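Let me begin by presenting the structure, written as structure tokens, before commenting on it.
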Amino acid sequence: MGLKLPKVTSMQSIYRAVVHDPSCICCLPLASRTLFSSLATCHDAEGREFPHREQSQDLTRSVDILTAKIGKGNSEEDILRSLISDEAVNGIHPSQNLINRLLCRYKNDWKSALGIFKWASFHSNFKHSQESYDMMVDILGRMKVMEKMGEILEEMREESLITLDTIAKVMRRFAGTRQWKDAVRIFDDLQIFDLEKNTESMNVLLDTLCKEKFVEQAREIYVELKHYIAPNAHTFNIFIHGWCKIRRVEEAHWTIQEMKGYGCRPCVISYSNIIQCYCQEQNFDRVYELLDEMQAQNCSPNVITYTIIMCALAKAKKIDEAFQLVERMNSTGCKPDTLFYNSFIYALGRAGRIDNAMHVFKVAMPKAGVAPNTSTYNSMISMFCFYAQEEGAFGILKEMEDSDRCKWAFVLFEEMVDQDIVPRYRTCRLLLDEVNRINMYEAAEKIEILMKKL
DNA sequence: GTAGGGTTAG
């Protein structure tokens, strides 16, 4: 193909390709060139996404001083020592904003993160927020430094900052490193953290174990616990998911019976899990049987159920059958969403059905009032690039450009709010509509909160 | 984190 971008999966990768070989940019139409130059200016040398205005200059200066001092390869104690003894650093007072920013930057470098974290704790008038503690626990857990993670957890306990969310993270990290017994131990010791052993916390433990395929262990623990903690529908769905995950569909069926025995009705989640299991086996006869059974049980399949089946059909190269399924879904009045269309477009692309994919993107989605998001664009661009249709890829890029502009608008909006410049109601309304159209849900939420105050 | 994407870049 004429384009020097053989595999394009995201805007970022296009951007990187252009940075790597600037001559690439000549292949791009004007609209995309404009886009790239705007992208280029909105990444500074540190890879931060947007330029920082004056209001955050102090913060930025502190970040620069600290990061210059931290260096690499030291232990966290060394980092702490060098920070404490540095004159320039001494002029900096830690703030929660500053610490969170640095923890974000060093999320893949636990020694630097912990060094900074301890440096802040060293200031007697500074206290870490719960958010910073959770971030620190997460960094150490992800890097599998379990001992240090335990130390931070202990500090949190002393400050009474531990929530079930914190515990859930810790459990999942243990189970993720195959130390499932430690996850169970945390649950056993829950009262140490001032938390209760109840259905909710039990479900967290069972879900953690099941997600890491320790389903039998979870089952044994549950058999003990159920005498004094009542299971609920979630509990059973967690097990159904677990059994399906390790491809033991018989046990999943058995769990359905068990949940009925407890007076819990199997729901669309229970059935969708089992359907997914049959989908993995490409046992579509059973899938259709289950769909019928759901209908008979007055438990309608939803868009997630249909997405699961549609993906599996497409993967099994049963494209026409996938189209029939979409029709069946529409006939039941089940509305497709963005994720469904993304999967559909992706599947059609892989099957070489470019025209069909284009039709879904251009006609079906707007008609259903479903907005594309970045993944939709990515699927379309990847497809066009794979089949060497650069014209099509650029068409999608053009559309993305418009929505990138919206992100910029939102960044400016946030800066205004930060500086206590109150936007007009009408400005908010315009931005909110636009932000909703392209699925920037978090942005929409922030704008809505502000609008309520107006 | 009780269920659904994102070719396989390095």
Side-chain angles (χ1 to χ4, degrees), chain A residues 5-17 20 138 141 164-173 175-176 183 199-212 215 218 222 231-245 252 255-256 259 264-280 290 294 299-315 325 329 334 336-352 357 360 372-387 439:
Chain A
L5 306 168
K7 284 180 183 176
V8 180
T9 52
S10 71
M11 281 306 290
Q12 239 191 329
S13 61
I14 307 174
Y15 175 51
R16 272 197 292 256
H20 183 70
D138 211 38
L164 188 56
D165 279 347
T166 316
I167 292 299
K169 273 187 183 142
V170 173
M171 281 183 183
R172 291 187 200 283
R173 292 308 177 198
T199 308
E200 191 190 3
S201 52
M202 174 179 77
N203 284 348
V204 170
L205 174 68
L206 297 178
D207 186 48
T208 301
L209 297 176
C210 285
K211 289 249 162 72
E212 296 297 336
V215 190
Y222 163 72
N232 61 12
H234 287 202
T235 317
F236 296 109
N237 283 336
I238 286 165
F239 276 113
I240 292 170
H241 182 237
W243 291 124
C244 289
K245 195 177 173 77
T255 308
I256 293 253
M259 85 189 276
C264 299
R265 264 188 62 195
C267 67
V268 61
I269 297 176
S270 328
Y271 285 113
S272 297
N273 265 306
I274 298 183
I275 284 179
Q276 183 162 42
C277 202
Y278 286 121
C279 278
Q280 278 164 348
L290 270 163
M294 286 176 79
C299 170
S300 299
N302 63 15
V303 63
I304 299 178
T305 323
Y306 286 113
T307 307
I308 292 167
I309 304 171
M310 187 268 297
C311 286
L313 285 172
K315 207 171 168 187
L325 186 83
M329 176 176 86
C334 172
D337 60 9
T338 304
L339 193 43
F340 177 87
Y341 280 122
N342 289 354
S343 310
F344 198 30
I345 287 172
Y346 176 79
L348 290 171
R350 293 213 65 172
V360 171
N373 61 18
T374 314
S375 298
T376 324
Y377 295 121
N378 283 342
S379 294
M380 292 296 293
I381 292 174
S382 301
M383 176 185 74
F384 281 125
C385 286
F386 188 80
Y387 295 102
N439 292 347

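In what follows, every heavy atom counts, from backbone to side chain, and hydrogens, waters and symmetry copies are set aside. In what follows, chains carry the letters A, B, and so on, assigned in the order in which the sequence lines appear, proteins first and then strands, with residues in each chain numbered from 1. Since the structure is predicted, the reported quantities are computational estimates derived from the model, not experimental observations.
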Side chain of [X], heavy atoms from C-beta onward: which of [options] has the nearest atom to it?
{"X": "D207(A)", "options": "dT2(B), dG6(B), dA3(B)", "answer": "dT2(B)"}
{"X": "Y346(A)", "options": "dG4(B), dG6(B), dA3(B)", "answer": "dG6(B)"}
{"X": "T305(A)", "options": "dG4(B), dA3(B), dG1(B)", "answer": "dA3(B)"}
{"X": "N273(A)", "options": "dG4(B), dG5(B), dA3(B)", "answer": "dA3(B)"}

d([atom1], [X]; [atom2], [N]) in whole Å:
{"X": "N373(A)", "N": "dG5(B)", "atom1": "CG", "atom2": "P", "value": "14 Å"}
{"X": "R173(A)", "N": "dG1(B)", "atom1": "CZ", "atom2": "C1'", "value": "11 Å"}
{"X": "L339(A)", "N": "dG5(B)", "atom1": "CG", "atom2": "P", "value": "7 Å"}
{"X": "M310(A)", "N": "dG6(B)", "atom1": "CE", "atom2": "C1'", "value": "13 Å"}
{"X": "M202(A)", "N": "dG1(B)", "atom1": "CE", "atom2": "C1'", "value": "16 Å"}
{"X": "K245(A)", "N": "dG1(B)", "atom1": "NZ", "atom2": "P", "value": "14 Å"}
{"X": "I238(A)", "N": "dG1(B)", "atom1": "CD1", "atom2": "C1'", "value": "9 Å"}
{"X": "Y306(A)", "N": "dG5(B)", "atom1": "OH", "atom2": "P", "value": "18 Å"}

Quick check: any donor-acceptor pair below 3.5 Å linking the side-chain of [X] to the base of [N]?
{"X": "N237(A)", "N": "dA3(B)", "result": "no"}
{"X": "S343(A)", "N": "dG4(B)", "result": "no"}
{"X": "T307(A)", "N": "dG4(B)", "result": "yes"}
{"X": "N378(A)", "N": "dG5(B)", "result": "no"}

Can dG4(B) be described as syn, meaning its chi torsion is within 90° of 0, or is it anti?
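Anti, angle beyond 90° from zero.
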
List the steps and the verdict of side chain to side chain contact (heavy atoms under 4.5 Å, CB included) for C244(A) and Q276(A).
CA-CA 8 Å; C244(A) 289; Q276(A) 183 162 42; over 6 Å; no

Minimum heavy-atom distance I275(A)-M294(A), with the two atoms named
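Closest approach of I275(A) to M294(A), heavy atoms only: CD1-SD, 3.8 Å.
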
Could you measure between the two C1' atoms, the one in dG6(B) and the one in dT2(B), and give it in whole Å?
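Straight-line distance between the two C1' atoms is 23 Å.
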
Looking across every strand, which nucleic acid part, if any, lies under 4.0 Å from V204(A) by heavy atom: base, sugar-phosphate, or nothing?
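Here V204(A) touches no strand at all.
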
Using a heavy-atom cut-off of 4.0 Å across all strands, would you classify N302(A) as base, sugar-phosphate, or nothing?
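Base, at least one base atom sits under 4.0 Å.
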
Look only at the side chain of Y387(A) and the backbone of G349(A), and say whether a donor-acceptor pair between them is shorter than 3.5 Å.
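Side chain of Y387(A) to backbone of G349(A), a donor-acceptor pair under 3.5 Å: yes, one is there.
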
With no hydrogens and no angle check, just 3.5 Å: does a side-chain donor-acceptor pair link N378(A) and S375(A)?
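Checked: N378(A)/S375(A) side chains show no N/O donor-acceptor pair below 3.5 Å.
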
Using 4.0 Å as the upper bound for N to carboxylate O, is an ion pair formed by K211(A) and D207(A)?
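Yes.
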
